[in-house]
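Data first, discussion second: the structure below is written as structure tokens.
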Amino acid sequence: MNLRLDGKTALVTGSTAGIGYAIAEGLAAQGARVIVNGRTQARVDDAIRNIKATQSNAQLVGAVADLGTAAGADLLVKAHPNVDVLVNNVGVFAPKPFEEIPDADWLRFFEVNVMLGVRLARAYLPQMRKANWGRIIFISSESGVQIPVEMIHYGVTKTAQIALARGIAESVAGTGITVNSVLPGPTKSEGIETFVAELAKNAGISEADFEKQFFATMRPTSLLKRFATPEEVANMVVYVCSPAASATNGAALRVDGGVIRAIL
């Protein structure tokens with residue numbers, strides 16, 4: 001399927017690994033010019049090299065910026081002031097009992113998971129309005145619907161992303177701009193692989209056995225019964241970024257492997 005992304009410039013934050021990398025690779029494969037973002041030059045260079053190894057005609061530009069601060073977001077926007085597609089993928093997570101989560105952690109999670117998307121959407125919306133076309137996608141999580149008891153602060157920020165995406169979509173009603181959130185379920189991204197390896201080691205079991213145990217006890221409603229791959233999530237995101245998805249707007253799109261039991 002030709003998603004008609006030729007000539008479009010897409011910024012994917014946090015795109016040197018995991019879901020962000022898979023989205024960048026998928027957009028490049030569809031002809032988009034992709035801005036690959038990471039915190040270090042080495043990570044960005046590696047990602048660009050790896051994408052070009054599979055997509056020889058990929059149009060890629062590196063953008064080194066730590067987006068955990070307002071200054072980092074400003075630096076990125078100044079370096080790349082014009083984008084047609086914004087994928088807010090950067091995020092942080094960490095399991096911690098609710099009583100042990102200090103204010104500093106709450107504020108850091110909101111700064112990265114919520115405020116970064118606010119800043120970038122606010123910066124790029126005016127040009128999208130002028131062109132009467134644009135795509136903004138927030139990579140939220142099924143945890144925004146079913147708040148995980150092991151990391152409540154993460155789940156709350158993901159709920160906020162869903163609300164933010166809907167609110168911005170309402171603000172551009174009747175235009176050629178769409179704003180959506182995508183809700184992955186447990187996905188085998190770089191951070192999750194490290195997380196799983198560490199917990200499996202602590203439990204004295206293999207990673208495969210830990211995965212089975214995880215879905216039996218912590219995500220028992222999963223229909224997939226395994227971690228999704230970053231590419232499985234990216235397929236949905238790339239479609240939503242395209243002109244073909246013009247009627248998909250203000251939606252919370254689930255790629256959760258069936259973890260959420262609600263029909264709607």
Side-chain angles (χ1 to χ4, degrees), residues 3-15 19-24 26-28 30-37 61 63 65 67-68 70 72-91 110-141 144 157-184 233-255:
L3 295 180
R4 308 192 305 279
L5 282 164
D6 297 270
K8 303 296 186 185
T9 295
L11 167 61
V12 185
T13 64
S15 44
I19 292 173
Y21 175 89
I23 294 168
L27 289 170
Q30 289 293 331
R33 174 180 177 268
V34 181
I35 301 168
V36 178
N37 162 250
V61 179
L67 299 179
D74 288 343
L75 181 68
L76 178 62
V77 171
K78 287 176 182 176
H80 302 278
N82 298 301
V83 303
D84 304 295
V85 175
L86 168 63
V87 181
N88 289 302
N89 171 70
V90 162
F110 265 91
E111 182 76 7
V112 178
N113 293 356
V114 181
M115 288 309 301
L116 171 59
V118 168
R119 291 173 181 131
L120 293 182
R122 187 173 58 206
Y124 289 119
L125 259 178
Q127 67 174 68
M128 292 181 181
R129 285 183 183 275
K130 187 176 180 179
N132 196 36
W133 198 92
R135 297 286 183 268
I136 300 176
I137 295 90
F138 290 84
I139 305 303
S140 181
S141 169
T157 61
K158 291 298 169 177
T159 304
Q161 281 185 323
I162 297 168
L164 177 59
R166 178 68 197 193
I168 299 173
E170 295 275 359
S171 78
V172 294
T175 73
I177 304 166
T178 67
V179 187
N180 295 285
S181 55
V182 171
L183 284 58
V233 177
N235 289 338
M236 171 69 84
V237 179
V238 172
Y239 167 72
V240 177
C241 289
S242 75
S246 56
T248 303
N249 197 7
L253 304 165
R254 292 159 42 186
V255 195

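Shown are Asp84, Val85, Asp6, Thr9; of these, the side-chain contact (heavy atoms from CB on, under 4.5 Å) with Arg33 is made only by Thr9.
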Checklist entry - Run the side chain to side chain contact (heavy atoms under 4.5 Å, CB included) check on Val237 and Val12 step by step: do they pass? => result CA-CA 11 Å; Val237 179; Val12 185; over 6 Å; no

Item to check | Leu125/Ile136 under side chain to side chain contact (heavy atoms under 4.5 Å, CB included): CA gap, chis, key distance, verdict | outcome: CA-CA 9 Å; Leu125 259 178; Ile136 300 176; 4.0 Å; yes

Item to check | Val36 and Val34: CA distance, side-chain angles, deciding distance, side chain to side chain contact (heavy atoms under 4.5 Å, CB included) verdict | outcome: CA-CA 6 Å; Val36 178; Val34 181; 4.3 Å; yes

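Between Thr178 and Thr248, the closest side-chain pair of non-hydrogen atoms is not below 4.5 Å. Considering only heavy atoms from C-beta on, Leu120 stays 4.5 Å or farther from Val83 through its side chain. You'll find the side chain of His80 reaches within 4.5 Å of the side chain of Val61, heavy atoms only. The shortest side-chain heavy-atom distance between Ser140 and Arg254 does not fall under the 4.5 Å cut-off.
Here the shortest heavy-atom pairing between Ser15 and Ile35 reads OG-O, 4.0 Å. Here the closest non-hydrogen pair linking Ala65 and Gly72 is CB-O, 3.9 Å. When all heavy atoms are compared, the tightest approach of Leu86 to Tyr124 is CD2-CD1, 4.2 Å. The two residues Val233 and Pro184 make their nearest non-hydrogen contact at CG1-CG, 3.8 Å. The minimum heavy-atom distance between Val114 and Ala160, with the atom names listed, is CG2-CB, 3.9 Å. When all heavy atoms of Phe138 and Val179 are compared, the pair lying nearest together is CE1-CG1, 4.1 Å.
From Leu183, atom CG reaches atom CG of Leu253 across 8.0 Å, with rounding to the nearest 0.5 Å. Separation of atoms CZ (Arg135) and CG (Asn249) is listed at 8.0 Å; rounding is to 0.5 Å. Between the CG atom in Asn37 and the CG atom in Leu67 there is a gap of 4.5 Å [rounded to 0.5 Å]. For the atom pair CZ (Arg119) and CD (Glu111), the distance works out to 4.0 Å, reported to the nearest 0.5 Å. Rounding to the nearest 0.5 Å gives a distance of 10.5 Å between CD of Gln30 and SG of Cys241. Here the straight-line distance linking atom CD1 of Ile23 with atom CD1 of Ile139 works out to 4.0 Å at 0.5 Å rounding.
A donor and an acceptor atom, one from each side chain of Gln161 and Lys158, are located under 3.5 Å apart.
Between the side chain of Thr13 and the backbone N or O of Asn88, no donor-acceptor pair lies under 3.5 Å. Of the possible donor and acceptor atoms, none in the side chain of Arg4 sits under 3.5 Å from a partner among the backbone N and O of Ser242.
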